[in-house]
Amino acid sequence: IWQPDNITSDTTPPDIFSKYHLPFYEKIGTKCREAGKVYLVHIDGKTKALHTLIEKAPIDVIESFTLPLMGSDMTIEEALQAWPDKVICPNFPSSLCLESKDMILGYMKRISASFGNKPYMIQISEDIDDTKYNHVLRTLGKAM
C-alpha cells in the first residue's frame, strides 16, 4: 500500500509529524500488516529531524528517500542505521540522468556498496526528458 505523502522536515517539523502523521501511520500501518500488505510512504527531502519518529512508525518502506546530492540531510548509511527494519528506496537524482553511462554506473556502484546485502530499490520519481529514459533505465538495469 503506497502512501503518497511528501514528508520532509522543512514542511513537517517533528511536533506536527508526532501529532498528526505518526497516529495515522500507526493506524494504517497496523491494518496493512494485519492484511499481509507492505506499507510504503513517500518520505523525501530532509529527514534527520524526523528520523526517530519515522523509526517508530509501522512503515515498511521509505519511498523516494532523497540522496545528499539532491539536498538530503541524511546519508544512506545514516538512514540504514536509523531505520534498520525498513527498506529504503532512494530516488535516483534526475540531474544524473543527463550524465554518461560510465558516470551513472560509477554512482550506482557507490550506492550499492552503501547498502551491502540489505535490500533496496532505486526509483526515478522526477520528470526527465523522454529521450533520456531508455539510456537511464538501461544503465540502471545494468547497474542493478
Q: Look up atom SG in Cys32 and atom NZ in Lys37, then write down how far apart they are to the nearest 0.5 Å.
A: 9.0 Å
Determine all donor-acceptor pairs shorter than 3.5 Å in which one atom belongs to a side chain in residues 92-101; sequence neighbours excluded.
{"residue": "Ser100", "atom": "OG", "partner": "Met103", "partner atom": "N", "Å": "3.1"}

Q: Please report the closest heavy-atom contact between Leu67 and Asn91, naming both atoms and the distance.
A: CD1-O, 3.7 Å
Q.
Taking the side chain as everything from C-beta on, heavy atoms only, tell me whether Arg33 gets closer than 4.5 Å to Asp60.
A. yes
Q) Is there any side-chain hydrogen bond (donor to acceptor under 3.5 Å, both in side chains) pair reaching into residues 9-30, and which pairs are they, with sequence neighbours excluded? A) Asp5-Tyr25
Q: Give a yes or no on whether Leu50 and Ile43 share a hydrophobic cluster (residues Ile, Leu, Val, Met, Phe, Trp, Tyr; joining criterion: side-chain heavy atoms under 4.5 Å apart).
A: yes
Q | Sub-4.5 Å side-chain heavy-atom contact between Ile62 and Thr47 | A | no
Q. NZ of Lys118 to CH2 of Trp83: how many Å apart, nearest 0.5 Å?
A. 11.5 Å
Q.
With a 4.5 Å cut-off on side-chain heavy atoms, are Lys86 and Glu55 touching?
A. yes
Q) Are any non-hydrogen side-chain atoms of Ser114 and Tyr120 less than 4.5 angstrom apart? A) no
Q | Over 12 non-hydrogen atoms of neighbours within 6.0 angstrom of CD1 in Ile16 | A | yes
Q) Atom CD of Gln81 and atom NE2 of His51: how far apart are they, to the nearest 0.5 Å? A) 8.5 Å
Q. Can you name the nearest heavy-atom pair linking Thr75 to Phe65, along with the distance?
A. O-CZ, 3.9 Å
**Q.** Where Val61 and Cys89 come nearest, the two heavy atoms and their spacing
**A.** CG1-SG, 3.4 Å
(Q) Between Ile59 and Ile1, is there shared hydrophobic-cluster membership here, with clusters defined by ILVMFWY side-chain heavy atoms closer than 4.5 Å? (A) yes
Q) Less than 4.5 Å apart, any side-chain heavy atom of Leu69 and any of Tyr107? A) yes
Q. Is Trp2 linked to Val38 within one hydrophobic cluster, defined over Ile, Leu, Val, Met, Phe, Trp and Tyr using a side-chain heavy-atom separation of less than 4.5 Å?
A. yes
(Q) Nearest 0.5 angstrom please: Ser112 OG to Ile76 CD1, how far? (A) 8.5 Å
Q. Do the side chains of Leu80 and Met108 join up, straight or via other hydrophobic residues, at under 4.5 Å, putting them in one cluster?
A. yes
Q) Under a 4.5 Å cut-off applied to non-hydrogen side-chain atoms, are Ile124 and Leu137 in contact? A) yes
Q) Between Val87 and Ile122, is there a shared hydrophobic cluster once you connect ILVMFWY residues whose side-chain heavy atoms come closer than 4.5 Å? A) no
Q: Determine yes or no for a side-chain-to-main-chain donor-acceptor pair under 3.5 angstrom, with Thr66 supplying the side chain and Asp44 the backbone.
A: no
Q. Got a second to check how far Arg110's CZ is from Phe115's CZ, nearest 0.5 Å?
A. 14.0 Å
Q: Can you measure from CE (Met74) to CD1 (Ile54) and round to the nearest 0.5 angstrom?
A: 7.5 Å
